[in-house]
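Each remark here refers to the structure printed beneath this line.
Please read these numbers as outputs of a predicted model, since none were measured by experiment. Every heavy atom of this structure was used, including side-chain atoms; hydrogens, water molecules and symmetry mates were not.
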Amino acid sequence: MRLFKIRDYRHLFSAQVIALFGTGLATVALGLLAYDLAGPLAGQVLGTALTIKMVLYVVIAPIAAAYIDRLPRRAFLVTLDVVRAAVVLALPFITEVWHVYVLIGLLQASSAAFTPTFQAVILDIVTDTADYTRALSASQVAYTMESLLSPVLAAIALSFMSFSWLFLGTSLGFVLSTLLVVSTRIPNARRGTRSGAWDRATSGIRTFLRTPRLRGVMALNLVVAAAGSIVIVNTVTYVRDELGGSQSAVAWMLAASGAGSLIAALTLPRVLDRIAERTVMLIGAAILSIATITATALTAAGIITWAGTAILWLLIGTGMAMIVTPTGRILRGSVEPTRLPAVFAAQFSLSHLAWLLTYPIAGWLGTAMGLSMTWSALAVLAVAGAVAARSLWTRTEARGSARAVATSRPLPAIRAHAA
């Protein structure tokens, strides 16, 4: 690909991928650390830690996007990686639950600022419009692949080492990311055209709110978060306490979800050549709704098996990929290239806002009321999001979106609502 012949982009993209996979491995290790510190209350601890993460992502990402043109960007990226490396290295040595919350706050604040900074830098390094669009797509694919493969890599690693070594590997990954950023020639930032920080921070979100298909994407974000929270927050306690599994078994169950996502992600490019994005994403929402309802029913009935759980986790991973993978195509077809960073940053914040709602439910309600009640609430949210997406994103709107994606031309941000 011509894009990867650009040395500075290649180094910076490599730094992003390494940092992403490091964060993914740390998330798996964090769940096991929470179980070590809190035992049956691990879901509550993990839910709280991930809620902190989502709050920081929702708040910091748009602020960073608004002010990044005023910062020395290479030094800023290096600082973020150094902070993350130090935090992850400290995690295995903590002995109190509140230490987890403080360190996770520092780690995720740094990660939340990294993404919009990376996207802003790419705009100056990759000057060709078509290549820039591909660069944003590659970034989106990297995020997707990290969520798919990190549990698999963690499962393999945990087969022959303790989870504390995952933190060390993650820290070394952030160090390597730092070295790659240092080796990159990053131009001085150019001031944005908007003078108001609030206007810059919220421009992408306003585009979402006034565009029917993007409002549909917002609803689908809720479906992904509702089903995904079951896997991310509750797997560790479910496998350890209900199924009696080991640390490695936790990672392998997470890998089942990753395998579903990976299979879907590899299949979808051909599928999307024949089937509209809206159809694929709504089918994914239906799969997630059915999977969460089934998980709730089986748990309530006391039918707890390894095979049944693995199949449901596989379906959840598949449904998540069917929604997440086409999202970048929808965003690219919605605005002109110069506004893509704002829209991608808005999707970053809004998708994490959905997780901010579902993580506490999975963690806190799961500890207080049990998994049956918790998964019932998450199933209701998944179904509500699927129904809302179908209503907000109509077939007429979808046909217009498909034409825009096919011709690489944005649709106007405001369209008439069609029944």
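Nearest heavy-atom pair, V239 versus S246, reported as atom, atom and distance to 0.1 Å: CG1-O, 4.4 Å. Nearest heavy-atom pair across T170 and G22 is CG2-O, 3.0 Å. Heavy atoms only, all atoms of each residue included: R213 and G333 are closest at NH2-O, 4.2 Å. Smallest separation of non-hydrogen atoms from S183 and D8: O-OD1, 4.3 Å. Of all heavy-atom pairs between L314 and G260, the closest is CD1-N, 3.3 Å. Listed here is the closest heavy atom pair of V175 and A85: CG2-CB, 4.2 Å.
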Exercise for the section: Output, in order, the C-alpha distance, side-chain angles, deciding distance and verdict of side-chain contact (heavy atoms from CB on, under 4.5 Å) for S111 and Y57. Expected result: CA-CA 8 Å; S111 296; Y57 272 34; 3.2 Å; yes

Problem - Residues T235, W313; criterion side-chain hydrogen bond (donor to acceptor under 3.5 Å, both in side chains); working and verdict - result: CA-CA 9 Å; T235 294; W313 265 227; 2.8 Å; yes

Practice task
Please assess M218 against L353 for the test side-chain contact (heavy atoms from CB on, under 4.5 Å), listing each intermediate value before the final yes or no.
Solution key: CA-CA 10 Å; M218 289 171 59; L353 184 61; over 6 Å; no

Practice task
Just do the side-chain contact (heavy atoms from CB on, under 4.5 Å) check on M253 and L243 with the steps written out, would you?
Solution key: CA-CA 11 Å; M253 192 60 74; L243 295 174; 4.2 Å; yes

Problem - I293/V383 under side-chain contact (heavy atoms from CB on, under 4.5 Å): CA gap, chis, key distance, verdict - result: CA-CA 9 Å; I293 292 171; V383 172; 4.0 Å; yes

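A donor-acceptor contact under 3.5 angstrom links the side chains of N234 and W375, judged on distance only. When only modelled atom types and interatomic distance are considered, T184 and H11 share no side-chain donor-acceptor pair under 3.5 Å.
Applying the salt bridge (Lys or Arg N to Asp or Glu O under 4.0 Å) test to every pair with at least one member in residues 235-245, sequence neighbours left out, gives no pairs at all. Sorted by first and then second residue, the salt bridge (Lys or Arg N to Asp or Glu O under 4.0 Å) pairs involving residues 167-183 (not counting sequence neighbours) form an empty list.
With a 4.5 Å cut-off on side-chain heavy atoms, V224 and W355 count as touching. I263 is not listed as a side-chain neighbour of T318, based on a closest heavy-atom distance of 4.5 Å or more. In this structure the side chain of S261 never reaches within 4.5 angstrom of the side chain of M322, judged on heavy atoms. T292 places none of its side-chain heavy atoms less than 4.5 Å from the side chain of L378. Residues L331 and L214 meet the side-chain proximity criterion, which asks for heavy atoms closer than 4.5 Å. By the 4.5 Å heavy-atom criterion applied to side chains, R185 and R7 are counted as neighbours. Between I330 and S334 the shortest side-chain heavy-atom distance falls below 4.5 Å. In this structure, the side chains of V223 and L381 stay at 4.5 Å or more apart for every pair of heavy atoms.
By the 6.0 Å contact criterion, CH2 on W364 is enclosed, its count of non-hydrogen atoms from other residues, nucleotides or ligands being greater than 12. In the displayed structure, R10 atom CZ is contacted under 6.0 Å by more than 12 heavy atoms of other residues, nucleotides or ligands.
Atom CG of L222 and atom OG1 of T358 lie 7.5 Å apart (nearest 0.5 Å). Put simply, CD1 on I311 and CG on L298 are 10.0 Å apart, with the number rounded to the nearest 0.5 Å. For the atom pair CD1 (I230) and OG1 (T374), the distance works out to 9.0 Å, reported to the nearest 0.5 Å. Taken from CG in L80 to CG in L107, the straight-line distance is 11.0 Å, to the nearest 0.5 Å. Put simply, CZ on R390 and CE on M281 are 15.0 Å apart, with the number rounded to the nearest 0.5 Å. To the nearest 0.5 angstrom, S229 atom OG is 10.0 Å from L356 atom CG.
Under a 3.5 Å cut-off, the side chain of S391 and the backbone N or O of A388 do not form any donor-acceptor pair. In this structure, S376 contributes its side chain and S372 its backbone to a donor-acceptor pair below 3.5 Å. Proximity of a side-chain donor or acceptor of T367 to a complementary backbone N or O of Q44 within less than 3.5 Å is detected.
In summary, D81 and R84 engage in a salt bridge, as defined by a charged side-chain N under 4.0 Å from a carboxylate O.
Taking the six-membered ring for Trp and the full ring otherwise, F13 and F4 have centroids separated by under 6.0 Å.
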